[in-house]
Enquirer: 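So that we are looking at the same thing, I have put the structure below in structure tokens.
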Amino acid sequence: MFSTVCTLVKYPRSRPSRCPAPVTTALEGPSSPAPQPSPISSQWSCISVRPATPASSRIHLCVLWSSGYLGIAYYNTSDSTIYFMPDAPDHESLQLLQRVLDEIDPQSVVTSAKQDENMTRFLGKLASQEHREPKRPEIILLPSVDFGLEISKQRLLSGNYSFIPDSMTTTEKILFLSSIIPFDCLLTVRALGGLLKFLGRRRIGVELEDYNVSIPILGFKKFALTHLVSIDQDTYSVLQIFKSEPHPSVYKVASGLKEGLSLFGILNRCRCKWGEKLLSLSRRRAQAPDAQAQWPRPMGPAAPRHVGSSRTGARTRVPCMAGGLPTTAPPGKPRLWFTRPTQDLEELNSRLDVIQFFLLPQNLDMAQMLHRLLGHIKNVPLILKRMKLSHTKVSDWQVLYKTVYSALGLRDACRSLPQSIQLFRDIAQEFSDDLHHIASLIGKVVDFEGSLAENRFTVLPNIDPEIDEKKRRLTGLPSFLTEVARKELENLDPRIPSCSVIYIPLIGFLLCIPRLPSMVETSDFEIEGLDFMFLSEEKLHYRSARTKELDALLGDLHCDIRDQETLLMYQLQCQVLARAAVLTQVLDLASRLDVLLALASAARDYGYSRPRYSPRLLGVRIQNGRHPLMELCARTFVPNSAECGGYKGRVKVITGPNSSGKSIYLKQFSLTFTSATRGTGPCLLPYSGRLDHIHGPGGQLCASRGSRNRGSRRHLHPNP
């Protein structure tokens, strides 16, 4: 299995480097000279994959999880290097963290003592794995103050690192570390600060040395899991995989953002929110729009043959998140396919099998029917969380009912589809009869119309005979109380013209008579045989012998009904929570199906073809490739082919005058493989080996070259 790194290089003709040091390179050894900037290293965010560690090495991992994101950093004693992973989205089950643990096998796991319930549950399960091979890690909890953001930054910047020369000033040291460590990834910075605090307390590597001997740290390097394709933040920005624009609504100018012209924007046709989150992580952190990042509008008839310009680019550096995407929101299984492109060929081909199936004309009606069902799949985890806290709303029961019945429709539809496709087989098997049991219980118990009318949980008739009897009595109270009032009036003073018997929940039955003109003082309210309660709206309320008898006979009907219906709701919640696992599985598989249907729809409309992956291919091959965004903005776009690697050569030099389309060609090359790692490809016949990284040179990929430059060069460099 060959491993290929696809690198896009664009050399500036004559421009001094703005970075004082390479971005992620740390020199080994205390006597190494200061790193010198170079045209490549000063413009590129490189990613160092963790080298193979010997069996004697010890790894100490520090992890933080907050609002759906992970911050990870660890120290490897074999090379005295700290590795970090930029803030990455993760599911509540912490699947990404489990993969990290399986890959690096740490000796200890350091985290904050103040943690989320999901992290606490995960660490408890990890600590209980007595038969873990080779051994379970030690769980270390530090005070939350040790993970403070400002103190962590100060700890990083004030550290004594042997790879930083003493001749560097404080400002130069800060700039150098800023080029290595993503300080805009807040969880990662806090994890690094907590890791340094732990190393200092345990004196890792210098246990027998004097206390004034610092912990040996020979470098900071970015860590990437082996099964993922790593894409740096500049590449996400330059290629416009994501792009936020201010919302046009005057009510959302301050905080509202919408997706602009981007790869995610044209591919996102998901019907449910969980599908959208799976396709790409939730909304990005608010950032100022960059006018230079706007793509050109559709051109006129005189559009040039070679579309594209080196002047259409953005220099804005985007905050670093998982795979380079900045985000703030959480969520659940956040837009993972765009932020975590995979190099797992089996996974990619399983996605492509589904897309290819729905691209067939005879399956179009089935795709549309599945899309309609997916529109009813809602945020079930939030409902389950409310059920655990007994904060369930009436609308939650309606949403859950529609979600479960839609899931049953998906199951029945997928059972009629070819079971040779893994996703169809999983849906047909995993959507068990527990879904039918949940839907049947909710449909037979919950009175949706009554619940909406009373704004509380109510049950249908014939569920509980005692509730039905009390509701019958409550319904017949008006006519019954009228008869009681007639009898009460016969026993009252003749001066009292009228009376009524009323029922007030929590208070009970009361005799109500109008206030007479002679009743001025409080002492005038006293009537023999009646107990005065209160005065309201010129009416006096009393307890009589009959009302006391009614309280004893009928009780507080309204409150009794509510209490018994609340008890039934609790029992129904327990039945649903006992089958929560199948509901979680519904969301996972339904969101996956939603994404693949969206990609199939986009592939059908834009004429995308299926990528082909070959582990034996040493390089990449594209035939009639297209830029998925530029072809939407231009009347004329000429497809381009490319072949790199093997006997075709590893480096391609692209030359031409300004505005001839060199940058667009490079972007097209990258976007083709970015799309191929998610299941579509804007080209006729793309072949590729396995990719590890896709790099972009920050703002230089599509920056203006200036009017004095007659031409420039672009380099296409795949490393086999």
Enquirer: Are R201 and D146 ion-paired here, with the side-chain N under 4.0 Å from a carboxylate O?
Expert: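 Looking at R201 and D146, the cut-off is met.
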Enquirer: Under the side-chain hydrogen bond (donor to acceptor under 3.5 Å, both in side chains) test against Y503, which residue among T547, D551, D556 passes?
Expert: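 Of all the options given, the one that passes is D556.
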Enquirer: Taking C-beta and beyond as the side chain, do L572 and V459 meet within less than 4.5 Å on heavy atoms?
Expert: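 L572 vs V459: side chains apart.
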Enquirer: Would you say that more than 12 heavy atoms from the other residues, nucleotides or ligands in this model lie under 6.0 Å from the NE2 of H436, or not?
Expert: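 Open.
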Enquirer: Is C270 close to V595 at the side-chain level, that is, under 4.5 Å between some pair of heavy atoms?
Expert: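 A side-chain contact exists here, since the closest heavy-atom pair is under 4.5 Å.
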Enquirer: Test your reading of the model: is there a side-chain donor-acceptor pair from S451 to the backbone of T458, 3.5 Å cut-off?
Expert: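 A pair under 3.5 Å: yes.
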Enquirer: State whether the side chain of T403 and the backbone N or O of H376 hold a donor-acceptor pair below 3.5 Å, judged by distance alone.
Expert: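 Answer holds: yes.
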Enquirer: Heavy-atom count around D493 CG within 6.0 Å, excluding the residue itself: above 12?
Expert: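 Yes, the 6.0 Å shell around CG holds more than 12 heavy atoms from other groups.
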Enquirer: With a 4.5 Å heavy-atom cut-off, do D426 and Q585 have their side chains touching?
Expert: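 With C-beta onward as the side chain, the pair stays apart.
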Enquirer: Checking the side chain of T111 only, and the main-chain atoms of V63 only, is there a donor and an acceptor separated by less than 3.5 Å?
Expert: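 It does hold such a pair.
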Enquirer: Within the supplied structure, the quantity of interest is the number of heavy atoms (other residues, nucleotides, ligands) at a distance under 6.0 Å from E549 CD; does it exceed 12?
Expert: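 Counting other residues, nucleotides and ligands, CD of E549 stays at 12 neighbours or fewer.
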Enquirer: Would a 4.5 Å heavy-atom cut-off, applied to side chains only, mark I496 and I527 as touching?
Expert: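 Yes, close enough: below the 4.5 Å cut-off.
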Enquirer: Out of L583, T392, D396, N379, which residue meets the side-chain contact (heavy atoms from CB on, under 4.5 Å) rule with L384?
Expert: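 By the side-chain contact (heavy atoms from CB on, under 4.5 Å) criterion, L384 pairs with just one of L583, T392, D396, N379: L583.
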Enquirer: Assess the residue pair I502 and L481 against the criterion (side chain to side chain contact (heavy atoms under 4.5 Å, CB included)); give the C-alpha distance rounded to whole Å, side-chain angles, the decisive distance to 0.1 Å, and a yes or no.
Expert: CA-CA 7 Å; I502 63 175; L481 294 180; 5.8 Å; no
Enquirer: As an exercise, state the distance from OG of S432 to NE2 of H437, rounded to the nearest 0.5 Å.
Expert: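 Spacing of OG (S432) from NE2 (H437) equals 11.0 Å.
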Enquirer: Measure the acute angle between the ring planes of F532 and Y542, then classify it against the limits of 30° and 60° as parallel, tilted or perpendicular.
Expert: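 Because their plane-to-plane angle is over 60°, the rings of F532 and Y542 count as perpendicular.
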Enquirer: Determine the interplanar angle of the H541 and F534 rings, folded into 0 to 90°, and report it as parallel if under 30°, tilted if 30 to 60°, perpendicular if over 60°.
Expert: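 Geometry flag for F534 against H541: parallel rings.
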Enquirer: Step by step, would you call L568 with Q564 a side chain to side chain contact (heavy atoms under 4.5 Å, CB included)?
Expert: CA-CA 6 Å; L568 285 177; Q564 289 181 279; 6.0 Å; no
Enquirer: Spell out, as yes or no, whether a donor-acceptor pair under 3.5 Å connects the side chain of D524 to the backbone of E521.
Expert: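 Yes: the side chain of D524 pairs with the backbone of E521.
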Enquirer: Between K539 and E537, does any NZ, NE, NH1 or NH2 come within less than 4.0 Å of an OD or OE carboxylate oxygen?
Expert: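 Here E537 does not pair with K539 in a salt bridge, since their nearest N and O are not under 4.0 Å apart.
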Enquirer: Backbone N or O of F431 within a donor-acceptor pair of the R411 side chain at under 3.5 Å?
Expert: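 Present.
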Enquirer: Show the numbers, then the answer: is there a side chain to side chain donor-acceptor pair (under 3.5 Å) between Q95 and R99?
Expert: CA-CA 6 Å; Q95 298 173 357; R99 289 185 177 182; 5.9 Å; no
Enquirer: CG of L460 to CZ of F448: how many Å apart, nearest 0.5 Å?
Expert: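 CZ of F448 is found 8.5 Å from CG of L460.
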Enquirer: Please tell me if the side chains of K197 and R155 come closer than 4.5 Å, counting only heavy atoms from C-beta onward.
Expert: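 Contact flag for K197/R155 side chains = yes.
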Enquirer: In this structure, which one of L589, V586, L435, L593 forms a side-chain contact (heavy atoms from CB on, under 4.5 Å) with L410?
Expert: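 Of L589, V586, L435, L593, side-chain contact (heavy atoms from CB on, under 4.5 Å) with L410 is met by L593 alone.
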Enquirer: Any salt bridge between R190 and D87, counting N to O under 4.0 Å?
Expert: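 Here R190 does not pair with D87 in a salt bridge, since their nearest N and O are not under 4.0 Å apart.
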Enquirer: Using a strict 4.0 Å threshold on nitrogen-to-oxygen distance, state whether R486 and E490 make a salt bridge.
Expert: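 Looking at R486 and E490, the cut-off is not met.
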Enquirer: Could you walk me through whether Q115 and L64 pass the side chain to side chain contact (heavy atoms under 4.5 Å, CB included) check?
Expert: CA-CA 8 Å; Q115 275 295 349; L64 289 177; 3.7 Å; yes
Enquirer: Heavy atoms, side chains only, cut-off 4.5 Å: are H371 and D594 in contact?
Expert: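 Yes, their side chains come closer than 4.5 Å.
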Enquirer: Starting at CG of L70, measure out to SG of C185 and round the result to the nearest 0.5 Å.
Expert: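 So the CG of L70 and the SG of C185 are separated by 12.5 Å.
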Enquirer: Spell out, as yes or no, whether a donor-acceptor pair under 3.5 Å connects the side chain of S601 to the backbone of L597.
Expert: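 Not confirmed, S601 side chain does not pair with L597 backbone.
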Enquirer: Can you confirm whether D116 sits close enough to W65 that some side-chain heavy atom of one is under 4.5 Å from a side-chain heavy atom of the other?
Expert: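 Touching, per the 4.5 Å side-chain cut-off.
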Enquirer: Under a 4.0 Å threshold between the charged nitrogen and the carboxylate oxygen, would E117 count as salt-bridged to K388?
Expert: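 Looking at E117 together with K388, the answer is no, because their closest N to O distance does not fall below 4.0 Å.
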Enquirer: Check this for me, if you would: do E469 and R472 make a salt bridge, where the nitrogen-to-carboxylate-oxygen distance has to be below 4.0 angstrom?
Expert: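 Result for this pair is yes, salt bridge flagged.
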Enquirer: Looking at L587, is its backbone amide N or carbonyl O close enough to the side chain of S591 to form a donor-acceptor pair, meaning the two atoms are under 3.5 Å apart?
Expert: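 At least one qualifying donor-acceptor pair exists.
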Enquirer: Please check if the side chain of D468 supplies one atom and the backbone of N462 the other of a donor-acceptor pair under 3.5 Å.
Expert: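 A pair under 3.5 Å: yes.
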Enquirer: In the structure I gave you, are the side-chain heavy atoms of F147 and V110 within less than 4.5 Å of one another anywhere?
Expert: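 Yes - at least one pair of side-chain heavy atoms lies under 4.5 Å apart.
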Enquirer: Show your working on side chain to side chain contact (heavy atoms under 4.5 Å, CB included) between Q398 and L452 and close with a plain yes or no.
Expert: CA-CA 10 Å; Q398 289 182 311; L452 291 174; 3.5 Å; yes
Enquirer: Check E483 with K487, please: is the shortest side-chain N to carboxylate O separation under 4.0 Å?
Expert: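 No, no charged N to carboxylate O under 4.0 Å.
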Enquirer: Got a donor-acceptor contact below 3.5 angstrom from the S406 side chain to the L374 backbone?
Expert: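 Answer holds: no.
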Enquirer: Is it true that a side-chain atom of R543 and a backbone atom of D531 form a donor plus acceptor pair closer than 3.5 Å?
Expert: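 Answer holds: no.
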